[in-house]
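Throughout, residue positions are numbered sequentially from 1 according to the sequence presented.
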Amino acid sequence: MNDAKARHAPQEQFPVAGNCLQIGGMSLNRLAQRVGKTPFYAYDRDLLTARVQHVRACVPDEIHVHYSVKANPMPAVVQHLAGMVDGLDVASAGELKIALDTPIDPDHVSFAGPAKTESELSQAVAAGIVLSLESERQLECVARIGEALGITPKVMLRINPDFELKSSGMKMGGGAKQFGVDVERAPALLESIGRLGMDFRGLHIFSGSQCLNADAIMEAQSRTFELALRLADFAPQDIRMLNIGGGFGIPYFPGERPLDLRPIGAHLEHWMPHLKSDLPQARVIIELGRYLVGEAGIYVTRVIERKESRGQVFLITDGGMHHHLAASGNLGQVIRKNYPVAVGNKMAETKREVVTVTGPLCTPLDLIADKMELARAEPGDLIVVFQSGAYGLTASPTGFLSHPRPGEVLV
Ligand SMILES: *Cc1c(COP(=O)(O)O)cnc(C)c1O
């Protein structure tokens, strides 16, 4: 595999021909014509494929790779990935439906989420997928549903571990959390699962997300395995599934380096013999969202107006925070940094200037690039936001200001 580390700028994975960025084997100008409107998201099939292959090349063969649908639930993207990964993880009945429309065996679809409703739980039990139970309420509800439907529910127990994934952008475990059951309560729940005669599959331990520090990921993995080995003593049946989460991050901002998967793969390799001897039935699963799709996607928006205000140049476009909340800075809660941005139809332009790129909304939060050096652009030019394949459209307030939804294509 060519090494992700060799790359310094995210746009380098999209070739340039003449002045124009290429995606899916065609120029951005041509793609914009084909989509027939701006703004739009475009995801590159070959980059998705290469990314799954890269993960597979780095981690031991026995590890199952699952795709977390919430990172990008576009059905075409999920279908494409379903042909390459070992399973899908969903977080709602809507995502479950998308997963069930793929050829993936329901036995390899799992459902996590802290507030699964009675209706969602029934749909999941009926579909024969594996439920990650996250509370006593979910356990009791699933037992009732299983009885009513005459189906033995397949369940895992999601644990809120007593550690967290350090250096992660988002902590999903450790301390007090709404996710999973605290590890202290796990033995009692495991006992109940056995007593209720459920089809116990194993454990789900997800500690965090968007981590670029391989050492922190390896430490969390070791602690996850140690925890699973401890809890196995309380399990009502063999652990057949051990979902250890993922947390693999991608670089968004200057100074961030791509995650090197090789040490992580070697570390997993080191653990495999221990797991094979102590948890011989366990299928070890990593679940990845952002890492598989984030770098394969771009958001494209057209410059509508060029405006100067007190010496500062603004490029005002037809798209913005309502389609791409993350690039705009997530409502200003954190120190805002620019995503990688380029003028996609002027990649070779030597005339450059510092500009602020905004969207059409009536709020100063609608920012795409703040005082960034870009090729000199005019109305009609196409602004590209890279690293947009994950948590882009799906995590944006598309209803805000009632603009039309953007296009979305897999090319
Ligand atoms: C969101 C989520 C993931 C995916 O996280 P990424 O950072 O996109 O890889 C994995 N597991 C669970 C339980 C999640 O909620």
Whether Trp271 and Phe225 hold their rings parallel, tilted or perpendicular, with breakpoints at 30° and 60°
tilted
Looking only at non-hydrogen atoms, find the nearest pair between Lys116 and Leu131 and report the distance.
CD-CD2, 3.8 Å
Assess the residue pair Leu374 and Val357 against the criterion (side chain to side chain contact (heavy atoms under 4.5 Å, CB included)); give the C-alpha distance rounded to whole Å, side-chain angles, the decisive distance to 0.1 Å, and a yes or no.
CA-CA 10 Å; Leu374 297 178; Val357 184; 3.8 Å; yes
Using the side-chain contact (heavy atoms from CB on, under 4.5 Å) definition, which of the options Val300, Asn19, Asp381 pairs with Asn345?
Asp381
Determine whether the side chains of Gln123 and Ser119 contain a donor N or O and an acceptor N or O closer than 3.5 Å.
yes
What's the separation between atom CD1 in Ile129 and atom CG in Leu100, rounded to the nearest 0.5 Å?
7.0 Å
For Glu62, the option from Lys276, Arg56, Arg283 that meets salt bridge (Lys or Arg N to Asp or Glu O under 4.0 Å):
Lys276
For Glu134 and Phe179, what are the C-alpha separation, side-chain angles and deciding distance, and is it a side chain to side chain contact (heavy atoms under 4.5 Å, CB included)?
CA-CA 6 Å; Glu134 309 210 12; Phe179 309 110; 4.1 Å; yes
Closest heavy-atom pair and its distance - Pro103, Gln79:
CD-OE1, 3.8 Å
Check whether any side-chain heavy atom of Thr102 lies under 4.5 Å from a side-chain heavy atom of Val78, and answer yes or no.
yes
4.5 Å side-chain heavy-atom contact, Leu227 and Arg223
no
Is the backbone N or O of Tyr291 less than 3.5 Å from a side-chain atom of Arg51, with the two atoms forming a donor-acceptor pair by type?
yes
Using a 3.5 Å distance criterion without hydrogens, assess whether the side chain of Asp260 forms a donor-acceptor pair with backbone atoms of Arg262.
yes
Under 3.5 Å side-chain donor-acceptor pair for Arg158 and Asn160
no
Check the pair Glu164 / Ser207 against side chain to side chain contact (heavy atoms under 4.5 Å, CB included), numbers first and verdict last.
CA-CA 5 Å; Glu164 55 183 34; Ser207 49; 5.6 Å; no
Would you say that Leu157 contacts Leu231 through its side chain, given a criterion of any heavy-atom pair below 4.5 Å between the two side chains?
no
Shortest non-hydrogen contact between Val109 and Ala99, atoms and distance:
CG1-CB, 4.1 Å
Restricting to non-hydrogen atoms, name the atom on Val343 and the atom on Ala377 that form the minimum distance, rounded to 0.1 Å.
CG2-CB, 4.1 Å
Check: Glu95 side chain, Ser68 main-chain N or O, donor-acceptor pair, under 3.5 Å:
no
Keeping the roles fixed (side chain from Asp238, backbone from Arg240), state whether a donor-acceptor pair exists under 3.5 Å.
no
Return a table of donor-acceptor pairs under 3.5 angstrom between the side chains of residues 147-154 and protein atoms on other chains or two or more places apart.
{"from": "Lys154", "atom 1": "NZ", "to": "Asp107", "atom 2": "OD1", "distance (Å)": "2.6"}
{"from": "Lys154", "atom 1": "NZ", "to": "Gly128", "atom 2": "O", "distance (Å)": "2.8"}

Donor-acceptor under 3.5 Å (Asp44 side chain, Ile23 main chain):
no
Counting C-beta onward and ignoring hydrogens, is there a side-chain heavy-atom pair between Glu136 and Ser192 closer than 4.5 Å?
no
Between OG1 of Thr224 and CD of Gln221, what distance do you get to the nearest 0.5 Å?
7.0 Å
Verify the neighbour count for atom CZ of Arg34: are there more than 12 heavy atoms of other residues, nucleotides or ligands below 6.0 Å?
no
Identify the heavy atoms of Cys20 and Leu28 that sit nearest to each other, and give their distance.
SG-N, 3.6 Å
Answer yes or no: is there a donor N or O on one side and an acceptor on the other, between the side chain of Lys337 and the main chain of Pro254, under 3.5 Å?
no
From CA spacing to verdict: side chain to side chain contact (heavy atoms under 4.5 Å, CB included), Leu139, Ile193
CA-CA 8 Å; Leu139 173 72; Ile193 291 171; 3.5 Å; yes
Asp318 side-chain N/O to Gly359 backbone N/O, donor-acceptor pair under 3.5 Å:
no
Are Gln22 and Ser27 side-chain neighbours, meaning at least one heavy-atom pair lies under 4.5 Å?
yes
Taking every heavy atom of Ile250 against every heavy atom of Gln387, the minimum-distance pair comes out as CD1-NE2, 4.0 Å
Are any non-hydrogen side-chain atoms of Pro251 and Glu295 less than 4.5 angstrom apart?
yes
Could you tell me if Thr49 and His80 have a donor-acceptor pair between their side chains, going purely by distance under 3.5 Å?
yes
Just by distance, do the side chain of Glu120 and the backbone of Ala93 share a donor-acceptor pair under 3.5 Å?
yes
Could you give the distance from CD1 (Ile145) to CG (Leu121), rounded to the nearest 0.5 Å?
5.0 Å
Give the table of side-chain donor-acceptor pairs shorter than 3.5 Å for residues 388-411, with sequence neighbours excluded, one pair per line with atom names and distance.
{"from": "Ser388", "atom 1": "OG", "to": "His324", "atom 2": "NE2", "distance (Å)": "2.8"}
{"from": "Ser388", "atom 1": "OG", "to": "Val385", "atom 2": "O", "distance (Å)": "2.9"}
{"from": "Ser388", "atom 1": "OG", "to": "Phe386", "atom 2": "O", "distance (Å)": "3.0"}
{"from": "Ser396", "atom 1": "OG", "to": "His323", "atom 2": "O", "distance (Å)": "2.9"}
{"from": "Ser396", "atom 1": "OG", "to": "His324", "atom 2": "N", "distance (Å)": "3.3"}
{"from": "Ser396", "atom 1": "OG", "to": "Leu325", "atom 2": "N", "distance (Å)": "2.9"}
{"from": "Ser396", "atom 1": "OG", "to": "Gly392", "atom 2": "O", "distance (Å)": "2.7"}
{"from": "Glu408", "atom 1": "OE2", "to": "Tyr43", "atom 2": "OH", "distance (Å)": "2.7"}

Quick check: do Asn213 and Lys166 have side-chain heavy atoms less than 4.5 Å from each other?
no
How many angstroms lie between CG in Leu288 and CG in Leu81, if you round to the nearest 0.5 Å?
10.5 Å
Main chain of Ala327, side chain of Arg336: is a donor-acceptor contact present, judged purely on distance under 3.5 Å?
yes
Hey, does the side chain of Thr358 reach the backbone of Ile368 with a donor-acceptor pair shorter than 3.5 angstrom?
no
Any side-chain heavy-atom pair from Val183 and Pro161 closer than 4.5 angstrom?
no
